[in-house]
Q: 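Below is the structure I would like to discuss, written out as structure tokens.
Counting convention: from 1, in listed order, for ligands and their atoms alike.
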Amino acid sequence: MQETRVYPHLITGGGRRLGLAVVRHLLAQGEAVVISYRSFTPMVEELMAQGVHCIRADFTQPESVTKLIQTIEAEYRGLRSVIHNASDWSSEADNEDLQALMTRMWQVHVAAPYQLNMSLQSLLLCAANDLGQATDIIHLTDFVAEKGSDKHIAYAASKAGLANLSLSFARQLAPKVKVNAIAPSLLMFQQGDNKEYQQKALKKSLLCLEPGEQEGVAAVQYLLSSRYMTGRTLALDGGRHLA
Ligand SMILES: NC(=O)C1=CN([C@@H]2O[C@H](COP(=O)(O)OP(=O)(O)OC[C@H]3O[C@@H](n4cnc5c(N)ncnc54)[C@H](OP(=O)(O)O)[C@@H]3O)[C@@H](O)[C@H]2O)C=CC1
Ligand SMILES: Nc1nc2c(c(=O)[nH]1)N=C([C@H](O)[C@@H](O)CO)CN2
């Protein structure tokens, strides 16, 4: 009897916060996981010790993305999913060179996911054929992709570009690969966010709460389990669109 192959999930930016929570969730389910990381941290070291294949890649550098792709192509015959979580939340206030900021936002949030999807779609299709079920691409976008942001203009525009990739790749890869997005408004604050900022951010939604990373994990799990969603965005925004 032919053995069923195990195809890993690829999570970009899997070394901390939401990416790490998704990694832990999938490992707990006995899934195989590969991550990309930028900063080598004790957490990445711990994941390596647990047998997670951790590949260093800086998405500001196209050649680094190419090396990530080549490493995956050499090691795996298929992929169960590609989860584009890596992101650089930079603001105009923190960047003097605005041209460089826009270039970096576009490279990290659009060009790198595009390069990964174009190169790795054959592995997603191979796994879908072998498993007899659709595989998945999931883009982590942002509420501001639709609404804009007055403090993260380049970031928001690049997340809108990422959201649009979901539509094109959903068309190109159906029915073997489902392609969807998750657009949080707030999942979890950054360590440096002060109380005043947090209170102001909480008031932007109807539900006025910081849901935490498990809200994002649940959305990823829903999309991986769904048989009938593609080209769509799960909005995790606490009713902010009505506030
Ligand atoms: N947190 C929230 O409330 C919200 C999150 N989102 C989206 O959800 C996703 C996860 O959010 P969150 O966990 O807070 O994200 P973080 O900003 O905490 O982490 C993002 C990850 O991306 C990686 N990364 C950053 N820059 C690069 C780069 N140049 N090349 C490769 N990797 C890079 C980081 O790697 P490293 O750690 O190695 O430096 C990190 O692992 C993101 O796409 C985010 O935009 C959207 C709205 C709200
Ligand atoms: N890459 C990241 N993107 C975003 C983050 C983050 O921490 N990393 N955080 C937000 C905030 O939640 C913001 O929406 C409200 O404070 C947005 N994107």
Q: Can you check whether Leu18 has an N/O within less than 3.5 Å of an N/O in ligand 1?
A: yes
Q: Check if Ala112 has a non-hydrogen atom at a distance under 4.0 Å from any atom of ligand 1.
A: no
Q: Against ligand 1, does Arg104 come closer than 4.0 Å with any heavy atom?
A: no
Q: Just checking Tyr155 against His109, ring centres under 6.0 Å apart?
A: yes
Q: May I ask whether Thr141 has any heavy atom positioned less than 4.0 angstrom from an atom of ligand 1?
A: yes
Q: Between Tyr155 and ligand 2, does any nitrogen or oxygen pair lie at a separation below 3.5 Å?
A: yes
Q: Under 4.0 Å from ligand 2, counting heavy atoms only, is it the side chain of Asp193, its backbone, both or neither?
A: neither
Q: For atom 39 (O) of ligand 1, tell me which residue out of Ala21, Ser185, Ser39 has the closest non-hydrogen atom.
A: Ser39
Q: Taking only non-hydrogen atoms of Phe40, do any sit less than 4.0 angstrom from ligand 1?
A: no
Q: My understanding is that we take every heavy atom of each candidate and find the minimum distance to atom 25 (C) of ligand 1. Doing that for Ala201, Gly212, Ser87, Ser36, which one comes out nearest?
A: Ser87
Q: Between His84 and ligand 1, does any nitrogen or oxygen pair lie at a separation below 3.5 Å?
A: no
Q: Judged by modelled atom types alone, do Ser119 and Glu73 share a side-chain donor-acceptor pair under 3.5 Å?
A: no
Q: Does the side chain of Phe40 reach to within under 4.5 Å of the side chain of Glu45, using non-hydrogen atoms?
A: yes
Q: Using the rule given for side chain to side chain contact (heavy atoms under 4.5 Å, CB included), can you reason through Ile182 versus Val220, listing the C-alpha separation, both sets of side-chain angles and the distance that settles it, and then say yes or no?
A: CA-CA 8 Å; Ile182 296 170; Val220 167; 3.7 Å; yes
Q: Heavy-atom contacts with Ser185 under 4.0 Å: which atoms of ligand 2 show up? List them by number with element.
A: 12 (O), 13 (C), 14 (O)
Q: Which residues pass the salt bridge (charged side-chain N to carboxylate O under 4.0 Å, His left out) test with Lys178, not counting sequence neighbours?
A: Asp136
Q: Kindly confirm or rule out an N or O of Arg17 lying under 3.5 angstrom from an N or O of ligand 1.
A: yes
Q: Looking at ligand 2, would Arg17 count as a contact under a 4.0 Å heavy-atom criterion?
A: yes
Q: Starting from atom 29 (N) of ligand 1, locate the nearest protein heavy atom and write down its residue, its atom name and how far away it is, to 0.1 Å.
A: Asp58 OD1, 3.0 Å
Q: Should you measure from each heavy atom of Asn85, which atoms of ligand 1 turn up under 4.0 Å away?
A: 9 (C), 10 (C), 42 (C), 43 (O)
Q: Should Tyr197 be counted as touching ligand 2, given the test is an N or O pair under 3.5 Å?
A: yes
Q: Going by distance only, is there an N or O of Gly15 that falls short of 3.5 Å from an N or O of ligand 1?
A: no
Q: For Asp237, which residues count as a side chain to side chain donor-acceptor pair (under 3.5 Å) partner, sequence neighbours excluded?
A: none
